[in-house]
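Below, chains carry the letters A, B, ... as their sequence lines are ordered, and counting in each starts from 1.
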Amino acid sequence: MPGKSAADRILAAIRAVPRGEVAGYGEIARRAGLPGRARMVARLLSENDDHSLPWHRVLRSDGRIAFPPDSPQFAEQVQRLRAEGVVVKDGRVRGQRAAASIDEILWAPPKRRGK
DNA sequence: CGCCTGACCACGT
DNA sequence: CACGTGGCCAGGC
């Protein structure tokens with residue numbers, strides 16, 4: 001149903017990221033069918049208030065946190081990621097580049113599901 | 001309608 | 001890996 005708004009698809013893509021994995025803004029936008037709208041994803045998250053949304057799993061393409069190291073949000077994101085088993089070092093995620101494998105995340109069938 | 005800003009990205013050095 | 005430059009898009013004024 002192509003009636004869904006861009007913002008809705010973006011949020012869906014973010015929610016599609018499983019616990020313990022991370023994704024990049026650009027990759028999220030791409031999976032949402034909005035190539036080149038990485039900034040829109042960022043703006044959306046900045047406005048978003050949904051606590052059920054795993055915003056902490058969204059990083060920059062470099063695998064780095066999108067917040068300055070001295071920001072409270074930065075600490076929060078790092079803590080949340082570590083709580084999920086993600087290795088964070090100096091504000092950057094180790095063990096998996098942000099979104100380089102988002103396709104795997106959305107297409108991989110590790111969990112039984114209709115598809 | 002034009003200008004500035006931003007949880008960005010890719011490329012080259 | 002760090003820094004600088006240009007590009008792209010959406011919002012607010």
Under 4.5 Å between any side-chain heavy atoms of A/Ile14 and A/Arg57, yes or no?
->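 SC-SC contact between A/Ile14 and A/Arg57 ruled out.
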Would you indicate whether the side-chain heavy atoms of A/Gln77 and A/Trp55 approach each other to under 4.5 Å?
->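 A/Trp55 reaches A/Gln77 side chain to side chain.
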For nucleotides B/dG12 and C/dC8, find the distance between their P atoms and express it as a whole number of Å.
->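 Those two atoms are separated by 16 Å.
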Applying side chain to side chain contact (heavy atoms under 4.5 Å, CB included) between A/Leu11 and each of A/Leu53, A/Val41, A/Ile28, A/Asp50, report the one that passes.
->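 Going through the options one by one, the only one that passes is A/Leu53.
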Distance, rounded to the nearest Å, where [X] contributes [atom1] and [N] contributes [atom2]:
| X | N | atom1 | atom2 | result |
| --- | --- | --- | --- | --- |
| A/Arg60 | B/dC11 | CZ | P | 16 Å |
| A/Asp62 | C/dC3 | CG | P | 12 Å |
| A/Ile28 | B/dC9 | CD1 | C1' | 15 Å |
| A/Leu34 | B/dC8 | CG | C1' | 14 Å |
| A/Leu11 | B/dA7 | CG | C1' | 14 Å |
| A/Leu45 | B/dG6 | CG | P | 17 Å |
| A/Leu44 | B/dG6 | CG | C1' | 14 Å |
| A/Leu59 | B/dA7 | CG | C1' | 10 Å |

Main-chain N/O of [Y] paired with [X] side-chain donor or acceptor, under 3.5 Å:
| X | Y | value |
| --- | --- | --- |
| A/Arg9 | A/Ala32 | yes |
| A/Arg82 | A/Val87 | no |
| A/Asp62 | A/Arg64 | no |

Flag the pair A/Arg80 and A/Glu76 as a salt bridge only when some basic side-chain nitrogen lies within less than 4.0 angstrom of an acidic carboxylate oxygen.
->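 A salt bridge is present here (some side-chain N lies under 4.0 Å from a carboxylate O).
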Nucleotide of B/dC8, C/dC1, B/dA7 approaching A/Arg94 most closely (side-chain heavy atoms) |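 So the side chain of A/Arg94 is nearest to C/dC1.
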Shortest side-chain distance from A/Arg64, nucleotide among B/dA7, B/dC9, C/dA2 =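 In terms of side-chain proximity for A/Arg64, the closest of B/dA7, B/dC9, C/dA2 is C/dA2.
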What string of B, S and - do you get for nucleotides 6-13 of chain C 5' to 3' if you count protein non-hydrogen atoms under 4.0 Å?
-> --BBSS--
A/Ser46 side chain near B/dG6 phosphate (N/O to OP1/OP2, under 4.0 Å) =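 So the side chain of A/Ser46 is outside the cut-off, no N or O lying under 4.0 Å from OP1 or OP2 of B/dG6.
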Go through the steps to decide whether A/Leu59 and A/Val93 satisfy the test side-chain contact (heavy atoms from CB on, under 4.5 Å), and finish with yes or no.
-> CA-CA 9 Å; A/Leu59 320 168; A/Val93 173; 3.0 Å; yes
Between residues 75-92 of chain A and DNA chain C, which residues have a heavy-atom gap below 4.0 Å?
->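 Hits under 4.0 Å, by residue number: A/Arg92.
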Test item: side-chain donor near acceptor, A/His56 and A/Gln79, under 3.5 Å |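 A/Gln79 and A/His56 do not have a side-chain donor-acceptor pair below 3.5 Å.
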